[in-house]
Amino acid sequence: MQHLYLHIPFCHRRCSYCDFNTYANLEDRIEAYVAALCAELALLPVPPAPPAERAADGVLTSATLRPTIFFGGGTPSMLTLPQLERILQAADRLVPVQQAEVSLEANPGTLLGADTPALDYLRGLLSLGIRRLSLGVQTLHDPLLRVLGRTHTAAEAKQTYLLARQAGFENISLDFMFGLPGQTFADWQAVVDALIAWQPDHLSAYSLILEERTPLFAQVTSGRISVPDDDLAGAMYEHAIEQLALAGYQHYEISNWAQASTQPKLAPRVPAYACQHNLAYWLNSDYLAAGAGAHGHIYPYRYYDILNVDAYIHAVQQGQRPIAETIDLSHADLCAETMFMGLRLHAGVSRTHFAQRCGVELDATYGDTLAQLAAQGLLAHDAHAVYLTARGRNLGNRVFEHFV
Ligand code: SF4
């Protein structure tokens with residue numbers, strides 16, 4: 001287990017659809033928060049060394065992943081370079097920074113116009129070992145960006161992307177959403193055309209989820225604005241699948257694509273630019289987490305930290321681990337989660353991985369269920385793995401509920 005999630009719960013402004021644990025107008029707490037985060041990292045247990053065994057070529061298991069550190073949020077790009085450097089120094093005892101895939105989520109709205117020129121900031125990230133940038137673009141239609149409450153325009157998002165390339169980033173992921181209020185199929189076609197022209201290394205595209213307690217939810221339920229129906233949102237998703245495949249992107253997870261692997265013998269089922277950190281989640285691997293509201297998973301338990309920023313800082317200042325709750329996991333939970341997380345991957349769940357993670361054979365545990373789902377055309381298998389068919393991906397929830 002050499003994966004670490006770091007939560008940075010600050011944003012300049014709350015987006016209208018967001019229900020993450022993040023806060024606006026708390027910039028004056030950032031310095032104290034960084035100190036607390038470093039102190040929490042000093043309290044975390046050092047993870048065991050990764051297993052020595054390697055899987056057969058092309059079979060995806062926890063042991064085939066690189067170590068990872070992921071700065072998520074919130075808006076990690078609100079932190080200064082010295083603050084990020086202190087956090088990485090504190091994280092290095094847990095996950096070796098120089099060997100890790102280190103990702104940072106960035107908001108184009110915070111990079112441009114900040115005290116440090118964007119190009120200098122981006123070069124600084126690289127010099128700290130942060131080599132993967134995840135840019136939240138969401139859409140390229142300015143009126144829609146305003147409805148979403150984003151702090152940037154489409155032109156600023158593109159400018160940030162180009163600056164990141166100029167700085168030397170060779171691993172950039174872009175986040176998009178579809179099914180947005182008032183979005184037409186033609187709007188989405190234009191977005192897909194544009195993002196293909198940008199040639200990012202990795203893409204995430206999620207259908208908008210209306211979360212209760214968000215301003216957007218209230219606007220939609222009161223009838224002030226409307227969102228595309230399921231059929232239109234489904235057509236948008238299918239369009240992305242078709243066009244991204246034609247453009248050479250490998251669709252490796254339900255909502256994620258990456259440039260196809262140039263080393264097919266090493267990993268034919270997973271593209272070279274697949275996000276190693278998110279693969280750890282989908283493989284149901286163990287990972288540490290630190291920061292307000294951050295969720296960690298170390299079988300046989302998962303935990304999450306105190307959500308409130310001030311309460312989090314206070315707990316750490318008292319020398320305590322700032323855990324809000326610890327949830328015990330049974331062996332049945334481990335097997336079920338390994339299945340329904342892993343089936344999100346097009347590579348599916350490998351028998352090797354399941355046996356290594358759960359200590360029991362996949363077919364002995366789920367043989368009847370797998371046969372039933374295969375008979376319904378929802379699941380297929382080969383010598384290495386079981387995976388969803390195209391029909392199974394469309395009816396994913398029907399498959400996943402068999403394992404819950
Ligand atoms: S920038 Fe991201 S984390 Fe912050 S409010 Fe918007 S969606 Fe939420």
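When reading the values below, keep in mind they use all heavy atoms of this one structure, side chains included, and skip hydrogens, waters and symmetry mates. Numbers for residues simply follow the sequence, beginning at 1. Order of listing sets the numbers, starting from 1, for every ligand and every atom in it.
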Going by distance alone, is a donor N or O of one side chain under 3.5 Å from an acceptor N or O of the other, for [X] and [Y]?
{"X": "Glu40", "Y": "Tyr312", "answer": "yes"}
{"X": "His297", "Y": "Tyr5", "answer": "no"}
{"X": "Arg150", "Y": "Tyr17", "answer": "yes"}

Numbering the atoms of ligand 1 from 1, which are under 4.0 Å from a heavy atom of [X]?
{"X": "Arg14", "result": "5 (S)"}
{"X": "Asn107", "result": "1 (S)"}
{"X": "Arg150", "result": "1 (S), 6 (Fe), 7 (S)"}

Just wondering, is there an N, O or S atom on Cys18 that's nearer than 2.8 Å to atom 8 (Fe) of ligand 1? yes
Residue, atom name and distance, where the atom is the protein heavy atom closest to [atom]:
{"atom": "atom 7 (S) of ligand 1", "result": "Tyr17 OH, 3.3 Å"}
{"atom": "atom 6 (Fe) of ligand 1", "result": "Cys15 SG, 2.3 Å"}
{"atom": "atom 3 (S) of ligand 1", "result": "Gly74 N, 3.1 Å"}

Touching ligand 1 at all, Arg13? Heavy atoms, strictly under 4.0 Å? yes
Between CG of Leu41 and CD of Gln89, what distance do you get to the nearest 0.5 Å? 12.0 Å
About how many Å separate CZ of Arg393 and CG of Leu379, when rounded to the nearest 0.5 Å? 11.0 Å
What is the ring orientation for His346 with His251, classed by angle as parallel under 30°, tilted 30 to 60°, or perpendicular over 60°? tilted
Do any N/O/S atoms of Cys11 come under 2.8 Å of atom 4 (Fe) of ligand 1? yes
Tell me whether Arg321 forms a cation-pi arrangement with Tyr303, defined as NZ or CZ under 6.0 Å from the six-membered ring centre and within 45 degrees of its axis. yes
